[in-house]
Number of protein chains: 2
Amino acid sequence: MAGDKRLYKSIVDKVLLSIDSGEFPAGGRLPPERELAERYDVSRPTIREAIIALEALERVEVKTGSGIYVLESTTGWNGIDSSISPFELTEARAMIEGEAAALAATMITNEQLAELEIALNEMASPSTAVYENADKKFHQVIANTTGNKMMDSVINNLWYVRDNSPTVHRAYQSICETDGNVRVQEHVEIFEALQKRDDRAARTAMHQHFSRIINKLIVVTEKEQLEAIRRKMTESKERFSLNHLVTAN
Amino acid sequence: MAGDKRLYKSIVDKVLLSIDSGEFPAGGRLPPERELAERYDVSRPTIREAIIALEALERVEVKTGSGIYVLESTTGWNGIDSSISPFELTEARAMIEGEAAALAATMITNEQLAELEIALNEMASPSTAVYENADKKFHQVIANTTGNKMMDSVINNLWYVRDNSPTVHRAYQSICETDGNVRVQEHVEIFEALQKRDDRAARTAMHQHFSRIINKLIVVTEKEQLEAIRRKMTESKERFSLNHLVTAN
DNA sequence: TCAACTACATTGGACTAACCAATATAAAGA
DNA sequence: TCTTTATATTGGTTAGTCCAATGTAGTTGA
């Protein structure tokens with residue numbers, strides 16, 4: 001992973017790690033190339049290659065004769081605004097994919113319906129990996145059915161955030177396990193609305209689908225927060241308990 | 001532009017030009033590093049730096065011991081799918097910004113309404129630059145008012161495509177000149193719906209706004225196509241006319 | 001005849017050792 | 001004190017060399 005047989009890439013990873021860990025704070029300067037070369041035990045050309053890659057990623061800015069500066073980034077390492085919450089992502093998906101479904105209902109062909117049906121069948125799989133994949137496929141076919149490449153691109157972006165934003169991904173993981181076949185049923189309803197070419201029903205079905213996800217998220221988040229509080233409480237208990245005094249006596 | 005005082009960047013530009021011009025076709029191989037070095041009259045490390053930058057841009061793929069391969073790219077130089085038409089972009093904006101407006105109507109504060117009003121006033125400016133900017137500002141405030149960072153990010157992305165996709169940008173430019181103060185009026189209607197906190201009215205007003213843009217686009221596209229046909233006709237006339245024979249006699 | 005193997009040429013990967021140019025810093029002068 | 005100037009630092013670029021992976025052609029053996 002860190003070494004695609006290309007030295008400079010591993011250096012990029014290492015430097016990125018140092019940036020994220022706060023060793024090289026944003027706005028600050030990286031050590032000079034020669035120093036980095038010594039530090040990572042590679043030659044200066046290799047360091048330069050790494051720096052150029054980082055520059056292309058918009059993580060650093062090179063100023064000739066001055067130094068290499070770490071850019072502050074609202075966007076995380078993968079270009080995602082990591083402050084986006086699972087709720088925001090889901091709400092956005094509801095609105096956008098809802099409209100996409102409505103538009104798709106007016107455009108969908110029988111071939112596309114067949115594709116959706118295949119995905120639907122795969123969703124019955126007990127394997128979460130297969131299930132997840134079928135879920136994604138289902139929504140992507142709908143996005144594609146709009147016949148609007150911009151819409152398709154936007155929805156793809158939503159999935160990208162879903163899969164790559166650490167916070168969002170974690171949240172989605174935890175609600176994934178806890179559901180039965182309710183989700184399949186929801187997708188069936190979307191499918192049926194599309195089959196009937198009923199745009200309003202398709203929009204509504206999609207909204208309901210995401211509404212349930214939001215509710216699940218609320219439950220899970222609540223539970224996690226309670227858990228966190230409980231943990232802190234026990235920590236405090238241990239920290240502030242006078243057991244060591246009591247037992248010492 | 002081609003020389004930010006950084007040799008490798010100018011090489012990137014040159015290679016990119018050669019790729020786009022078809023000299024280095026997609027799927028094909030670039031000349032070997034040593035040859036490129038000679039061709040552009042720079043050293044091999046510099047060529048390597050350029051290649052790494054191109055790699056980061058996902059324009060080429062390097063295979064050790066084999067060669068540098070040009071990736072086929074649906075996405076253009078700026079990462080935009082250049083095949084997205086102005087119609088698709090506008091339709092997507094209508095759907096997405098329509099929902100954003102509806103959501104914003106339920107959330108908007110008086111301060112945000114004031115911001116919109118400022119943008120509205122600036123829109124009266126005769127300067128297209130000021131006008132354009134105010135327009136963008138207006139929509140951005142609404143996106144921001146949703147309180148949903150994902151939504152905000154998506155809408156920003158739509159504007160990015162609008163401003164940076166050559167085809168889309170050109171189309172929007174040509175309809176920009178031809179309109180009077182109709183556009184201002186449309187924005188006023190959106191504003192009033194938001195002021196009333198009427199989500200449905202806000203959505204509708206936004207839809208109407210984009211509906212008019214689509215209509216304008218249709219007119220302009222039609223006109224351009226007619227123009228193109230006319231041009232070709234006159235070309236053919238010149239090419240195939242026998243004037244040179246007639247006059248020669 | 002054809003398949004597999006070997007040897008060689010090609011190509012990218014990386015390093016060392018320099019030198020140049022822009023910038024920043026500290027010392028000297030007005 | 002402010003400006004100027006010298007010097008050190010830092011990135012920019014080059015040349016030359018060697019290594020490793022890959023591709024290819026020629027040879028060998030069944």
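Everything numeric here is computed off the predicted structure, so don't read it as measured data. Values reported hereafter were calculated over all heavy atoms of this structure, with side chains retained and with hydrogens, waters and symmetry mates removed.
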*Would you kindly say whether A:Asn148 and B:Glu88 are connected by a side-chain donor-acceptor distance under 3.5 Å?*
no
*asked:* Taking any atom closer than 4.0 angstrom to a non-hydrogen atom of chain A, what span of DNA chain D does the protein reach, first nucleotide to last?
replied: D:dT10 to D:dT13
_Going by side-chain hydrogen bond (donor to acceptor under 3.5 Å, both in side chains), name the residues that satisfy it together with B:Asn110, two or more places apart in sequence or in a different chain._
B:Arg197
*For the pair made of CD in A:Glu38 and P in C:dA17, what is the distance, rounded to whole Å?*
14 Å
_Judged by each residue's nearest nucleotide on DNA chain C, which is more toward the 5′ side, A:Lys63 or B:Glu35?_
B:Glu35
_DNA chain D: 5'-proximal contact among B:Arg29 and B:Arg34 (nearest heavy atom)_ = B:Arg34
*Would you work out how much the helix from C:dT1-D:dA30 to C:dA30-D:dT1 bends between its ends, with each end axis defined by five base pairs, to 10 degrees?*
0°
*Could you tell me the separation between the CG atom of B:Leu7 and the P atom of C:dA21, rounded to a whole number of Å?*
13 Å
*Could you state the atom-to-atom distance from CD1 of B:Ile68 to P of C:dT11 in whole Å?*
10 Å
*What residues, two or more places apart in sequence or in another chain, satisfy ring-ring contact (aromatic ring centres under 6.0 Å, His included) together with A:Phe191?*
none
*asked:* Please enumerate all residues that pass side chain to side chain contact (heavy atoms under 4.5 Å, CB included) together with A:Ile214, with sequence neighbours excluded.
replied: A:Phe87, A:Thr90, A:Ile218
*Counterpart residues, side-chain hydrogen bond (donor to acceptor under 3.5 Å, both in side chains), relative to B:Thr46 (two or more places apart)*: B:Ser43
_Under the rule for side chain to side chain contact (heavy atoms under 4.5 Å, CB included), what residues qualify as partners of A:Glu227, not counting sequence neighbours?_
A:Arg230, A:Arg231
*Once the angle between the rings of B:Phe210 and B:His139 is folded into 0 to 90°, is it parallel (under 30°), tilted (30 to 60°) or perpendicular (over 60°)?*
tilted
*Spacing between A:Tyr8 atom OH and C:dC15 atom C1', to the nearest angstrom*: 18 Å
*Test ring-ring contact (aromatic ring centres under 6.0 Å, His included) applied to A:Phe24 - qualifying residues, sequence neighbours left out*: none
_Whole angstroms only, please: what is the OH-P distance between A:Tyr69 and C:dT23?_
11 Å
_Listed partners of A:Lys136 passing side chain to side chain contact (heavy atoms under 4.5 Å, CB included), at least two apart_ = A:Gln140, A:Trp159, A:Asp163
*Looking at residues at least two apart in the chain, or sitting in another chain, which of them share a side chain to side chain contact (heavy atoms under 4.5 Å, CB included) with A:Ala37?*
A:Ile47
*Whole-Å distance separating the CG atom of B:Leu36 from the C1' atom of C:dG13*: 16 Å
*Kindly write out the residues that satisfy side-chain hydrogen bond (donor to acceptor under 3.5 Å, both in side chains) with B:Tyr69, not counting sequence neighbours, or none if the list is empty.*
B:Ser66
*Does anything in residues 43-57 of chain A reach DNA chain D, meaning a heavy atom under 4.0 Å, and if so which residues?*
A:Arg44, A:Arg48
